[in-house]
Amino acid sequence: MKNRQKVVKNLILGMFGAALIMAAEWLIGAYGEGNSRNGLIESNWAVMPMIRFRAGLILAAVGAPFFFTGIKDSVRAVNIARRKRYITDFYMAMLYEVSAFSAAVSMLFIMGVRIILPVLYKTLFTTRLMGAEIISTIENVFYYVSVPFYVFYWLAIAGVSLGFMYFVFIGRMLVPRIVCFVNPLVFVLLKLALGVLDNAIIDDFLAAAEGFGFMLMLSVILTFVTKIPVRRKKRRR
């Protein structure tokens, strides 16, 4: 593999960016004890300090470029793992590439939407509007961005994870097959499944499931890259 050291460095930077995004997700998604959900509304938004949302946005903005750097070279690693004569490899590598770049490009948009809703709620909560009017206003605002939000979100989570799982499971990434479950989709599904328990500790722990999944997935790809043999140039006689 050419420029392996550079790819390794970029993947580490991508993991750092994912860690910053994970911290941002925790700041805006760990609601604490006594929280209840009403549609899009989390009741503890009203008591969460505004500094958490500002810090979350800053961390996401700083982490996004680093995340993109790692994602870019993770696509390169996946393309090395595929075999050109297999059509399934081609489509799964394409799925990973499209989804990975969608995740990198839409990360700030997704985080921005997740931050603007509680900020808007806290702002309206201090006015004379009734609870039903506040909920209706927030739902109307989200309505206009809901389609791109969900498309980008699930494409980033599911597409990347399925492509990654495919190449790990068939043994192309030179890592144990069990790590195919180390991806964002598994952690998001775990978050949704355990959310029904209504346990504040579990909910807060899994608040950063997406960023945590991306960080671990990039670490697996990093392991694969370090195992790729270095091609040596043939000496001319």
Side-chain angles (χ1 to χ4, degrees), residues 12-71 102-126 134-135 137-139 141-142 145-146 148-150 152-154 156-157 160 182-195 197-219:
I12 293 174
L13 290 176
M15 292 170 60
F16 173 69
L20 292 179
I21 292 169
M22 182 177 68
E25 289 176 335
W26 188 86
L27 284 172
I28 65 177
Y31 306 120
E33 292 284 350
N35 180 69
S36 60
R37 177 173 296 177
N38 183 5
L40 295 174
I41 307 300
E42 306 289 347
S43 63
N44 278 6
W45 280 350
V47 297
M48 292 171 66
M50 192 69 77
I51 188 64
R52 287 181 57 172
F53 302 117
R54 291 172 182 158
L57 187 58
I58 292 172
L59 287 174
V62 174
F66 293 106
F67 181 68
F68 178 81
T69 300
I71 283 293
S102 295
V105 171
S106 64
M107 185 58 67
L108 278 180
F109 167 72
I110 292 172
M111 294 299 292
V113 172
R114 293 177 63 180
I115 290 172
I116 195 63
L117 295 180
V119 170
L120 180 60
Y121 179 80
K122 284 180 66 67
T123 302
L124 295 177
F125 195 77
T126 59
I134 295 175
I135 294 174
T137 301
I138 293 176
E139 289 178 344
V141 170
F142 181 70
V145 296
S146 59
F149 177 85
Y150 285 123
F152 278 123
Y153 180 83
W154 285 111
I157 299 298
V160 165
V182 180
N183 62 72
L185 180 61
V186 169
F187 285 100
V188 169
L189 293 178
L190 182 65
K191 176 182 177 179
L192 294 175
L194 295 180
L197 299 177
D198 197 22
N199 186 294
I201 296 176
I202 295 176
D203 291 343
D204 289 352
F205 180 75
L206 294 174
E210 296 90 340
F212 186 62
F214 274 111
M215 184 177 67
L216 292 184
M217 185 190 72
L218 289 176
S219 71

Discussion item. Testing the basics here: between F214 and A156, what is the closest heavy-atom pair and its distance to 0.1 Å?
Written reply: CZ-O, 3.7 Å
Item to complete: Output yes when a side-chain donor or acceptor of S36 lies under 3.5 Å from a complementary backbone atom of S43, and no otherwise.
Response: no
Item to complete: Measure across N44 and G32 and return the closest heavy-atom pair with its distance rounded to 0.1 Å.
Response: ND2-O, 3.8 Å
Worksheet item: OH/Y31 to CE/M48 distance, rounded to the nearest 0.5 angstrom?
Response: 6.5 Å
Discussion item. Just so I know, are the side chains of F67 and L20 near enough to count as touching, which here means a heavy-atom distance under 4.5 Å?
Written reply: no
Practice prompt. Mind checking the CE-CE spacing from M15 to M217? Nearest 0.5 Å is all I need.
Written response: 11.0 Å
Worksheet item: Within a reach of under 6.0 Å around CG of L197, are more than 12 heavy atoms found that belong to other residues, nucleotides or ligands?
Response: yes
Fill in: Heavy-atom side-chain contact between V188 and W154 under 4.5 Å
yes
Fill in: Step-by-step side-chain contact (heavy atoms from CB on, under 4.5 Å) determination, F68 to L13
CA-CA 9 Å; F68 178 81; L13 290 176; over 6 Å; no
Discussion item. Quick check for you: to the nearest 0.5 Å, what is the distance between L57 atom CG and R114 atom CZ?
Written reply: 12.5 Å
Item to complete: Compute whether any side-chain donor of one residue and acceptor of the other, for E42 and Y121, lie under 3.5 angstrom apart.
Response: no
Worksheet item: Do V182 and F212 come close enough that some side-chain heavy atom pair is under 4.5 Å?
Response: no
Worksheet item: Rounded to the nearest 0.5 Å, how far apart are CZ of F152 and CZ of F109?
Response: 7.0 Å
Worksheet item: Which atoms form the tightest heavy-atom contact between L206 and K191, and what is the distance?
Response: O-CD, 3.3 Å
Practice prompt. Using the ring pair (Phe, Tyr, Trp, His ring centres under 6.0 Å) rule, take F142 and Y150 through it: C-alpha gap first, then chi angles, then the decisive distance, then the call.
Written response: CA-CA 11 Å; F142 181 70; Y150 285 123; 5.7 Å; yes
Worksheet item: How many angstroms lie between CD1 in I28 and CD1 in I115, if you round to the nearest 0.5 Å?
Response: 4.5 Å
Item to complete: Verify, without hydrogens or angle tests, whether N183 (side chain) and V186 (backbone) share a donor-acceptor contact under 3.5 angstrom.
Response: yes
Worksheet item: Which atoms form the tightest heavy-atom contact between A64 and L108, and what is the distance?
Response: CB-CG, 4.0 Å
Worksheet item: Going from OH on Y153 to CD on E210, what distance comes out if it is rounded to the nearest 0.5 angstrom?
Response: 3.5 Å
Worksheet entry | F53 vs L27 side-chain heavy atoms within contact, under 4.5 Å | no
Worksheet item: Which heavy atom of D203 sits nearest a heavy atom of L194, and at what distance?
Response: OD1-O, 4.2 Å
Worksheet item: Can you name the nearest heavy-atom pair linking G211 to E25, along with the distance?
Response: N-OE1, 2.9 Å
